[in-house]
Protein chains: 2
Amino acid sequence: MNRDLIFDEVLLLLPALSRGLGRPWPKEMAEIEEIVGHEFPVEGVGGSISVGHVQILISLAKGPRSVGHLAESVGVSPPAATQLVDRLVEHGMVERRPDEKDRRVVLVDYVPQMHDIARRIVESRKERLESTFASLTDEEAEAFLKGLKLLAEGFGVAFGSPGCGEEK
Amino acid sequence: MNRDLIFDEVLLLLPALSRGLGRPWPKEMAEIEEIVGHEFPVEGVGGSISVGHVQILISLAKGPRSVGHLAESVGVSPPAATQLVDRLVEHGMVERRPDEKDRRVVLVDYVPQMHDIARRIVESRKERLESTFASLTDEEAEAFLKGLKLLAEGFGVAFGSPGCGEEK
DNA sequence: TAAATTGTTTAAGCAGCTTATCTAAATCGC
DNA sequence: GCGATTTAGATAAGCTGCTTAAACAATTTA
């Protein structure tokens, strides 16, 4: 396949994907609803949790994080992070707690029962990913990741790794 | 590299990319500004044109399209398409014209001078893409496209190809 | 020709983001 | 120790892009 044609297709696919990935993904919402619903029924979770919220849930997997840290990690402004956390608190998924060492910072952490749920949400995401890419060989999967990284780099994407900025 | 680790990274990269790709890309805006500015100075184009607008400009490369067609092609609702077209009309980039054969439909087309400009915008996008992926071998590039397609499929993304739905 | 359908626009509303501003706590300098 | 600066977070106001519901005009169907 001609390299030029490849990029033609990529060019067309990217905006569509950006849209697709960026909106609350009904299938996943249903899953989260189901997972959360079993543990402690939170009304109206479905439809009201979005990419940013999931990113935060993933970020918290490595332990409590400050709001500022989350903002950086997710790649949004601090007020936006406040807002995302607000929503998660409303849903009873995370809680705020003052940092003992610096009472300016607010630490965000899973609500106790959420630890396991968050793990499962991440896992379910990964499973979906695995099944989506089932037909890819290992080499292809690796090439895909490589491309993704280049893209992120090229587009100046704030790397939203939960591990990033461990301590700045 | 372990397949599991690959998907871990992909999992983290996707939301960040979705954000990054989804917002008006400063570098590109500057380029468009420059391109458009040379032809006919349109005030305030920079910052006010977004992914959807570019998608429409790309879609129109194959000829005039109805609003409904554009909506489908971009993957948004008809009112949203109307809005996107509105903005482009404001900027003097496209124009509306009633369809002779069916006076319900409104055809959208480039303003005459835009033909060349739109071509260059698309080209500049592709060039940036090519340079971003310069370090990829042909095989890797192909694998990347394959992955992208799987992703789009898996996420139920409306394929935003301008060629889609040529006639339904 | 009346009724239903189709294509577009208008209206209302929401989610998510931004910047600017404010408050509280910590740190620096003397 | 005490005032001035810095830092973390929250609040406010405003914008953009999207959605659904409703309105309207033109076409097709019966």
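For clarity, every value in this text was computed on a predicted model and none was experimentally measured.
- With values rounded to the nearest 0.5 angstrom, A:Leu14 atom CG is found 6.0 Å from B:Leu129 atom CG.
- Put simply, NZ on B:Lys101 is 18 Å from C1' on C:dT6, counting in whole angstrom units.
- Applying side chain to side chain contact (heavy atoms under 4.5 Å, CB included) to A:Val94 and the options A:Val89, A:Leu70, A:Leu84 leaves one that passes, A:Val89.
- Between the C1' atom of C:dA25 and the CZ atom of A:Arg103 lies a distance of 7 Å, rounded to the nearest Å.
- Results of the salt bridge (charged side-chain N to carboxylate O under 4.0 Å, His left out) test with A:Glu123 over A:Arg119, A:Arg120, A:Lys126 single out A:Arg119 as the only residue that passes.
- In this structure, B:Pro15 and A:Arg125 approach most closely via the heavy-atom pair CG-NH1, 3.9 Å.
- Contact between A:Leu151 and B:Phe144 at its shortest, heavy atoms only, is CD2-CZ, 4.2 Å.
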ask   = Can you give one letter per nucleotide of nucleotides 9-19 of chain D, 5' to 3': B if a protein heavy atom sits under 4.0 Å from the base, S if only from the sugar-phosphate, - if neither?
value = SBB-----BBB
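- The interatomic distance linking B:Asp99 (CG) with C:dT8 (P) rounds to 9 Å, in whole Å.
- When hydrophobic side chains of Ile, Leu, Val, Met, Phe, Trp and Tyr are connected at separations under 4.5 Å, B:Val51 ends up as a singleton with no cluster partners.
- The CD-P distance, from A:Gln55 to C:dG16, rounds to 12 Å in whole Å.
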